[in-house]
There are 2 protein chains.
Amino acid sequence: MELKKVEKISKALADPNRLQILKLLHKNKSCMYCSDINDVIDLAQPSVSHHLKQLSDAELIIAEKEGREVKYVLNNKIIDQYTSFLTSLKV
Amino acid sequence: MELKKVEKISKALADPNRLQILKLLHKNKSCMYCSDINDVIDLAQPSVSHHLKQLSDAELIIAEKEGREVKYVLNNKIIDQYTSFLTSLKV
DNA sequence: CAAATACATCGAAATATTTAAATGTATCAA
DNA sequence: TTGATACATTTAAATATTTCGATGTATTTG
């Protein structure tokens, strides 16, 4: 995995609200809508939208548009790639 | 692993210079001195010192004082703990 | 088509991070 | 003990991130 990509994923993971969103997605078996996340995270809607975009840009989550809602799905694959890189750093 | 700790490690990993330092430590089998890192990283000495402190505070590296030099060692254990947390997020 | 809903984008303020020059501290060597 | 070396800390400037109100854009519903 490219260092630039590792940096981007790390940045996405470096915020308590975004970590909470990922935990929520895990708990709810990855299927959550933006409004559900808005209900739980104690931030204004544009802030949540911003965080979801960062997670999405890092490919940690995948946004699936369903009518006027957006469903968010955890991207297991990129987590594997990221952890593989980190493991490869070990001596 | 605590979310606060995950956040701190993620922050430490979210910088190109710090990632490069970790790669250097891996390449050199974890045994490097501050001055060696200064030679390779294109930053002033206080900046490198600052980055090493962040990696050290996140426990990604361990600083071992040897006389007037400091040797840096990769902390495999914390990498394992961090990747375990990330893996546990998967659905 | 008009109103409502769900989410995104813009703009701006508050806060955090990165960087380096200047300086400080500890250790070694002569 | 004096000068040099290795690294840390302080201070301050530049830059990036976080946050939210206001507003914009689709989509659905009546």
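Note that these values count all heavy atoms, side chains included, but never hydrogens, waters or copies made by symmetry. These numbers come from a predicted model, not from an experiment. Every chain is numbered from 1 and lettered A, B, ... according to where its sequence line falls, protein lines coming before strand lines.
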**Q** So does B/Lys11 pair up with A/Asp15, basic N to acidic O under 4.0 Å?
**A**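 No, B/Lys11 and A/Asp15 are not salt-bridged.
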**Q** Would you indicate whether A/Lys90, at its atom NZ, is surrounded by more than 12 heavy atoms from other residues, nucleotides or ligands within a distance under 6.0 Å?
**A**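 Buried by this count: over 12 neighbours within 6.0 Å.
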**Q** Using a strict cut-off of less than 4.0 Å between a Lys/Arg side-chain nitrogen and an Asp/Glu carboxylate oxygen, indicate whether B/Glu59 and B/Lys5 qualify as a salt bridge.
**A**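 A salt bridge links B/Glu59 with B/Lys5.
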**Q** Can you measure A/Asn38 atom CG to C/dT5 atom P for me and round it to whole angstrom units?
**A**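 So the two atoms are 15 Å apart, to the nearest Å.
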**Q** Starting at CD1 of B/Ile37 and ending at C1' of D/dA8, how long is that distance when rounded to a whole Å?
**A** 14 Å
**Q** In whole Å, I'd like the distance from the CD1 atom of B/Ile21 to the C1' atom of C/dT19.
**A**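 Whole-Å distance recorded here is 13 Å.
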**Q** Can you check side chain to side chain contact (heavy atoms under 4.5 Å, CB included) on B/Val73 and B/Cys31, steps first, answer last?
**A** CA-CA 6 Å; B/Val73 179; B/Cys31 299; 5.6 Å; no
**Q** May I ask you to list the residues of residues 11-20 of chain A, by number, that have any heavy atom positioned under 4.0 Å from an atom of DNA chain C?
**A**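 Under 4.0 Å from DNA chain C: no residue of residues 11-20 of chain A.
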**Q** Can you tell which of C/dC7, C/dT19, D/dA26 lies closest to the side chain of A/Lys65?
**A**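 Within the option list, the nearest is D/dA26.
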**Q** How long is the line joining CD of A/Glu64 and P of C/dC7, in whole Å?
**A**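 Going from A/Glu64 (CD) to C/dC7 (P), I get 14 Å.
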**Q** Whole Å only: how far is the CG atom of A/Asp42 from the C1' atom of D/dT19?
**A** 12 Å
**Q** What's the CD-C1' distance between A/Glu7 and D/dA16, to the nearest Å?
**A**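 Interatomic distance, CD of A/Glu7 to C1' of D/dA16: 12 Å.
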**Q** Distance from A/Leu89 atom CG to B/Leu13 atom CG, nearest 0.5 Å?
**A** 8.0 Å
**Q** Calculate, to the nearest 0.5 Å, the distance between atoms CD1 and CG belonging to B/Ile62 and B/Leu74 respectively.
**A** 9.0 Å
**Q** Within this structure, what is the CZ-to-C1' distance between A/Arg68 and C/dA3, rounded to whole angstrom?
**A** 11 Å
**Q** Using atom CD of A/Glu66 as one end and atom C1' of D/dA26 as the other, report the distance to the nearest whole Å.
**A**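 Rounded to whole Å, this separation is 15 Å.
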**Q** Would you say the side chains of A/Tyr82 and A/Ser10 form a donor-acceptor pair under 3.5 Å?
**A**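 A/Ser10 and A/Tyr82 do have a side-chain donor-acceptor pair below 3.5 Å.
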**Q** So does B/Lys53 have more than 12 non-hydrogen atoms from other groups sitting under 6.0 Å from NZ?
**A**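 Result for NZ/B/Lys53: open.
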**Q** Under 3.5 Å between N/O atoms: give me all the protein pairs with nucleotides 22-25 of chain D, atom names plus distance.
**A**
none

**Q** Would you jot down, in residue-number order, the residues of residues 48-61 of chain B having a non-hydrogen atom under 4.0 Å from DNA chain D?
**A** B/Ser49, B/Lys53
**Q** Report the C-alpha separation of B/Tyr33 and B/Val70 in whole Å, then their side-chain angles, then the decisive distance to 0.1 Å, and conclude whether the side chain to side chain contact (heavy atoms under 4.5 Å, CB included) test is met.
**A** CA-CA 6 Å; B/Tyr33 292 90; B/Val70 179; 5.9 Å; no
**Q** A/Ser35 side chain N/O closer than 4.0 Å to the phosphate oxygens (OP1, OP2) of C/dT5?
**A** no
**Q** Once rounded to the nearest 0.5 Å, what's the spacing between atom CD1 of B/Ile61 and atom CD1 of B/Ile21?
**A** 7.0 Å
**Q** Is atom CD of A/Glu66 surrounded by more than 12 heavy atoms (other residues, nucleotides or ligands) closer than 6.0 Å?
**A**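 Atom CD in A/Glu66 is packed in, count exceeds 12.
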**Q** Taking the side chain of B/Leu43 as heavy atoms from C-beta outward, which of C/dC7, D/dC7, C/dT19 is closest to it?
**A** C/dT19
